[in-house]
Amino acid sequence: MDAQLEIRKILQTEFTRIRTKNPQYSLRSFARTLGVVPSALSEILGSDRPITKKMGEKILSRLAVPPDQYHKLMDSLGVKNAATSAVGAAVSANYIQMNMDHYHIITDWYYYAVLSLVEIRGFKEDPKWIAKRLGISNREAEQALVRLERLEMLVRDGRGKLKPSGVSFTTTDGVANLAVRKRHLSNLELAKRSLEKDDVSLRDFSEITMAVDVKKLGEAKDLIKKFRRELCQFMETGSKKEVYKLCVQLFPLSEKDAK
């Protein structure tokens with residue numbers, strides 16, 4: 001498919017997906033999410049404006065398109081990615097595979113859930129069992145096991161049993177930027193799911209609204225990081241039976257004063 005048509009299709013699909021959940025979501029809101037002018041987005045969707053290299057890069061990064069698709073479309077628009085420029089040829093299969101592995105580890109919440117599930121009492125290395133415990137498909141469970149082992153985040157002990165290696169990974173800023181936004185969106189969806197189905201005795205949702213000195217945001221982020229790590233250390237002691245996720249969100253409600 002032509003890159004111009006494919007990007008338009010991606011845009012339309014995402015806009016429709018959001019509007020299905022929120023009928024009040026407007027094209028103007030979508031344009032704000034993408035960081036583009038509403039009239040420009042309207043013209044792109046209507047095929048009245050070609051998608052430039054710069055516009056394509058902005059749209060695809062904001063929509064968290066997977067690295068393989070991102071590189072393919074950007075190359076079709078005439079933009080060479082870093083790996084291509086380095087070797088003067090197409091992106092190597094290994095490079096794309098590594099980026100895809102990292103991308104999915106970051107974006108798809110169930111990878112870290114599987115990593116934690118391995119630690120609970122009674123864990124079974126069976127995709128069907130994992131899928132049932134996490135509410136995912138058998139294929140997703142199987143892919144998670146394969147990728148986690150390939151990245152050596154899961155290893156086998158002397159008896160051949162899986163265990164977390166404690167290894168973390170780093171990835172390029174490009175892959176991280178493509179993935180993090182999608183990960184945060186999935187966290188919100190998971191929180192909504194828990195709010196609707198889990199008894200209050202099994203969850204804690206709390207909030208506070210405050211007037212703040214924005215100069216202290218750096219210190220606030222450090223305090224949140226410290227709290228996350230200390231709570232994790234506390235909760236991971238004892239008999240591990242279930243997998244939980246902690247999301248701490250600090251964000252502005254007021255619009256920035258133009259002055």
Side-chain angles (χ1 to χ4, degrees), residues 18 21-22 29 32-35 61-64 67 99 101-120 133-136 144 147-148 151 153-154 164-259:
I18 299 174
K21 296 182 178 180
N22 178 16
S29 298
R32 187 183 304 117
T33 298
L34 297 172
S61 61
R62 290 296 183 96
L63 293 180
N99 274 354
D101 284 345
H102 288 166
Y103 174 83
H104 283 290
I105 293 289
I106 295 171
T107 58
D108 297 328
W109 62 270
Y110 53 84
Y111 281 90
Y112 276 101
V114 171
L115 195 63
S116 294
L117 196 66
V118 170
E119 297 186 71
I120 74 169
R133 289 302 308 269
L134 297 179
I136 60 178
R147 280 199 169 101
L148 288 168
L151 291 175
M153 297 176 74
L154 280 179
S165 65
V167 169
S168 58
F169 66 84
T170 58
T171 187
T172 64
D173 289 340
V175 173
N177 291 339
L178 286 171
V180 170
R181 177 181 171 81
K182 185 176 178 182
R183 181 182 182 89
H184 290 323
L185 288 172
S186 71
N187 284 340
L188 294 174
E189 290 294 329
L190 288 169
K192 181 181 178 182
R193 186 179 78 175
S194 177
L195 188 63
E196 293 172 344
K197 77 179 186 66
D198 293 327
D199 186 80
V200 67
S201 64
L202 298 175
R203 58 175 172 80
D204 180 77
F205 283 61
S206 57
E207 48 106 356
I208 186 170
T209 304
M210 51 192 159
V212 306
D213 178 355
V214 294
K215 294 179 181 178
K216 294 183 177 180
L217 279 177
E219 293 177 72
K221 291 180 181 181
D222 289 338
L223 286 171
I224 292 172
K225 183 185 297 184
K226 182 173 183 288
F227 163 71
R228 289 201 318 261
R229 290 175 176 174
E230 290 180 348
L231 184 64
C232 182
Q233 290 177 352
F234 170 73
M235 294 295 288
E236 288 192 333
T237 57
S239 178
K240 301 174 184 178
K241 298 179 180 178
E242 302 294 343
V243 176
Y244 269 61
K245 176 182 279 286
L246 171 70
C247 296
V248 180
Q249 298 153 348
L250 176 67
F251 54 90
L253 294 176
S254 55
E255 297 291 339
K256 188 174 181 180
D257 193 335
K259 295 180 181 180

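One-based numbering along the sequence shown. Source: prediction; values computed, not measured.
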Peer 1: Could you tell me which non-hydrogen atom of V118 sits nearest to which non-hydrogen atom of P164, and how far apart they are?
Peer 2: CG1-CD, 4.0 Å
Peer 1: By the salt bridge (Lys or Arg N to Asp or Glu O under 4.0 Å) test, which pairs, at least two apart or in different chains, include something from residues 230-251?
Peer 2: E119-K240, R133-E242, K226-E230
Peer 1: Minimum heavy-atom separation for W109 and S186, please, with both atom names.
Peer 2: CB-OG, 4.4 Å
Peer 1: A side-chain contact here means heavy atoms from C-beta on lying under 4.5 Å apart; do L250 and M210 qualify?
Peer 2: yes
Peer 1: List the atom of Y244, the atom of L202, and the distance in Å for their closest heavy-atom pair.
Peer 2: OH-O, 2.9 Å
Peer 1: If you count every heavy atom of other residues, nucleotides or ligands that lies below 6.0 Å from F234 atom CZ, does the total exceed 12?
Peer 2: no
Peer 1: Between S116 (side chain only) and Y112 (backbone N and O only), is there a donor and an acceptor less than 3.5 Å apart?
Peer 2: yes
Peer 1: In Å and rounded to the nearest 0.5 Å, what is the CG to OG distance from L151 to S165?
Peer 2: 9.5 Å
Peer 1: Please round to the nearest 0.5 Å and tell me the distance separating atom CZ of R183 and atom CD1 of I105.
Peer 2: 9.0 Å
Peer 1: Taking all non-hydrogen atoms of both residues into account, name the closest pair between A144 and Y111 and its distance.
Peer 2: CA-CE2, 3.2 Å
Peer 1: Do any pairs count as a side chain to side chain donor-acceptor pair (under 3.5 Å) and have a residue in residues 202-214, sequence neighbours left out, and if so which ones?
Peer 2: none
Peer 1: With the side chain counted from C-beta on, respond yes when L117 and Y110 share a heavy-atom pair under 4.5 Å apart, and no when they do not.
Peer 2: no
Peer 1: For the residue pair V243 and V114, establish whether any side-chain heavy-atom pair is separated by less than 4.5 Å.
Peer 2: no
Peer 1: Rounded to the nearest 0.5 Å, what's the gap from OG on S29 to CD1 on I18? Could you check?
Peer 2: 9.5 Å
Peer 1: Give, for atom CD1 of I224 and atom CZ of F227, the distance between the pair rounded to the nearest 0.5 Å.
Peer 2: 9.5 Å
Peer 1: For residues 184-202, pull every pair meeting salt bridge (Lys or Arg N to Asp or Glu O under 4.0 Å), keeping only residues two or more places apart or in separate chains.
Peer 2: K21-E189
